[in-house]
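Heads up, the thing below is written out as structure tokens.
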Amino acid sequence: MPIIMISGAPHGQSEALAKRLQELTGWPLLGRQVLLEEARKAGIKVGRLINAVIRSVGSQEKLAREKDLYLAFITKRLCESVIDDNLIYYGRFGHLLCPGVSHRIRVGLTTPMHQRVKNVMQQLNLPQEKAITYLEQIDADVEKWSKFIHRETAGHDPRYYDICLNLQHINIDYAAEMIHQMSELPEFAATKQSRRQLEDLLLAARARLLLAANDQTRNAELGVRAKDGVLTVTYMPRQKVDENTIKNALADLEGCREQLCTMAETSILWIQERFDPESESFSQINQLAQRWGAAVELLRVVPSTEAEKKPAQAEPVQQSAEYTGGVEDDGPEIDDGGLTRTMDELIAEGRFAGARTIYGDKKDILDVCQEGGNYSLVVIGDMFLEKGHEARMRDTRELAIGIRDSIKVPVITANEMQSRFLFGKRHLVRLLAFAALVACIYLLVFHFQEPILSLLGGKLHEKMKWLSSLAVAIFVPVVAYCYSTVTGLLLKAVGID
Amino acid sequence: MKETVSIMVIDDEPVVGQRLKPMLEDMGHQVEVFVNPVEAMEHFKNNPTDIVITDIRMDDMEGIEILEQIQFNHQETKVVMITGYATLELARESMAKGAFDFIAKPFKFKEIRNTISKAVDAIKAESKSRVGA
């Protein structure tokens, strides 16, 4: 029998629908609020996530891990509830939870605005005007939460649901009856495969939480996934974890057929003085990393005099064991040049391979590159910012040559990313122009076969042998160039480098 | 125009007041800490403060009730809501009922420091406009 996931806007009728369904089916009920409380009790700093949404603070803090843990916790809790049983879950993003489990019925519920306003006026004792403003703000917050936590904006998109119900013209009883009937369809019956998917989700979530609870693996950036009972944990180079540490942390993991620990090998090293996850460079590097399945390592360079030099070090991790009642110390106030925010974005994308800051010059950068892992590409972004344009270009070029010679991998500047690896508008224009040229050439060749054959081996050839040699010598490379440009751009357009 | 303001901290967990008081005093403000919200409100009736920082979920009186009482009698007092049981709804409800700000626990000192600075600026601006009028 299926799992029913009801998603609806705050102060709508989701809970009422869930309760009516429970009366019809007798299945257990679970609400989002209960999950939130349990997550909080389990030590997940839900408050930080809420502050980030309502106050837009926390941009300097690492929240990706907190988000990850929150999702792992609710996934674990949900999967444990449904592994051998049915469930009616109601919340805002039920349709995004337990992805890939085919015996879910994802219900999108729309409650008319006037009904929601009435609910708010009754529940919160607010006048109508304030209730409307309140709902507008809470809807905006929910949208932000969706993007922030689930990285989705699928709230109103019917593609994410199995059934969408609008309570404008039907009442809760009809809606509940419809879902009840739907739950009896064979399409939503649990299959061996869907149960397996549920078990895999549970396994990965349990593993993620165990790794977060272990002192040695808590701060490591790890990729965790499970397939057919085989758990794969991927760790990034340069982290203070290894296979044994991970396996020790997962010693108590239940339901695991096999554990595999792998170190991510392909990574892109991005060197820059200041990072910005909203920059075009970030978007391009992220696109490339996604296409290659690569992780991105960040190297922030702080130019300094010899006296200010500090040793290369991993980013500090702040922790406090003492109970503070939720009022925490600020920690060191440092300008990290956008590194934390960029790390956060990469962690959320699952592409973070590590980050470090070095204080020094070109020599120090080369030293760090030589120590580094298996890079498939080095991207040099905005460097030597204190210098003039010419000097900056020259120093960047010299740095690129130095790194290329030293670690023997391709090195490019951020400005070259688009032209070298990504398909943009300019490439499209070029592709169309060269495709037209190639088409014209072929058209002409097939249209004028007779004179061409005459030039290559007929009467014309007899008269002017030198001309046919010259024509071939010029024509063949031109055609080859045009044709290879078209095929190269086509391959780039479909993401094959 | 005031540079120093009076602040009342209400939280049934003593550690919250213990940690906030020295930080707020370092900012140059006068701080009173209460762990019992009923006593705090009794005291507030005769000694209203410029700012009240209150927890939301407490046994004897809810923070929302404190907010409503203060809004009813002393609209000029800025109320900052803090809670370890934050939800988006609770945050927006507080704001809709007139809270100056809402901070979910756990929070860092700098977050409350920023909020208090903004509240002091608002108090100063209101005081200036009253003098101007």
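Order of the sequence lines fixes the chain letters, A, B, ..., with proteins taken first and strands second; residue numbering starts at 1 for each chain.
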**L124(A), part contacting chain B, at a heavy-atom distance under 4.5 Å** =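 Both backbone and side chain.
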Nearest-0.5 Å distance that lies between atom [atom1] in [X] and atom [atom2] in [Y]:
X: F102(B); Y: N51(A); atom1: CZ; atom2: CG; result: 7.5 Å
X: Q33(A); Y: E89(B); atom1: CD; atom2: CD; result: 6.5 Å
X: F107(B); Y: I50(A); atom1: CZ; atom2: CD1; result: 14.0 Å

Side chain [X], main chain [Y], donor-acceptor under 3.5 Å:
X: R19(B); Y: G325(A); answer: no
X: R92(B); Y: Y134(A); answer: no
X: D141(A); Y: L88(B); answer: no

**Item:** L20(B) versus chain A, the contacting section by heavy-atom distance below 4.5 Å
**Value:**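 The side chain, not the backbone.
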**Asked** Of the backbone (N, CA, C, O) and the side chain (C-beta and beyond), which part of D101(B) lies under 4.5 Å from a heavy atom of chain A, both, or neither?
**Response**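 Side chain only.
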**Message:** Taking every non-hydrogen pair under 4.5 Å, which of E93(B), Q18(B), R113(B) racks up the most with chain A?
**Reply:**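 Highest number of pairs under 4.5 Å: E93(B).
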**Message:** Under a 4.5 Å cutoff for heavy-atom pairs, which residue among A86(B), P14(B), A96(B) has the most contacts with chain A?
**Reply:**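 Greatest number of close heavy-atom pairs with chain A: A86(B).
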Do other residues, nucleotides or ligands put more than 12 heavy atoms under 6.0 Å from the [atom1] atom of [X]?
X: E37(A); atom1: CD; answer: yes
X: Y85(B); atom1: OH; answer: no
X: D59(B); atom1: CG; answer: no

**Message:** Let's test your reading of the structure: which of K45(A), Q137(A), R40(A), K130(A) forms the most heavy-atom pairs below 4.5 Å with chain B?
**Reply:**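 Of the candidates given, the most pairs with chain B belong to R40(A).
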**Request:** Could you tell me which non-hydrogen atom of A104(B) sits nearest to which non-hydrogen atom of G47(A), and how far apart they are?
**Result:**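 What the structure gives for the nearest pair is CB-O, 3.4 Å.
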**Request:** Could you check L126(A) against K97(B) for side chain to side chain contact (heavy atoms under 4.5 Å, CB included), going step by step and ending with a plain yes or no?
**Result:** CA-CA 8 Å; L126(A) 284 176; K97(B) 289 183 172 169; 3.9 Å; yes
**Asked** Less than 4.0 Å between a side-chain N and a carboxylate O, is that true for D329(A) and K108(B)?
**Response**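 Here K108(B) does not pair with D329(A) in a salt bridge, since their nearest N and O are not under 4.0 Å apart.
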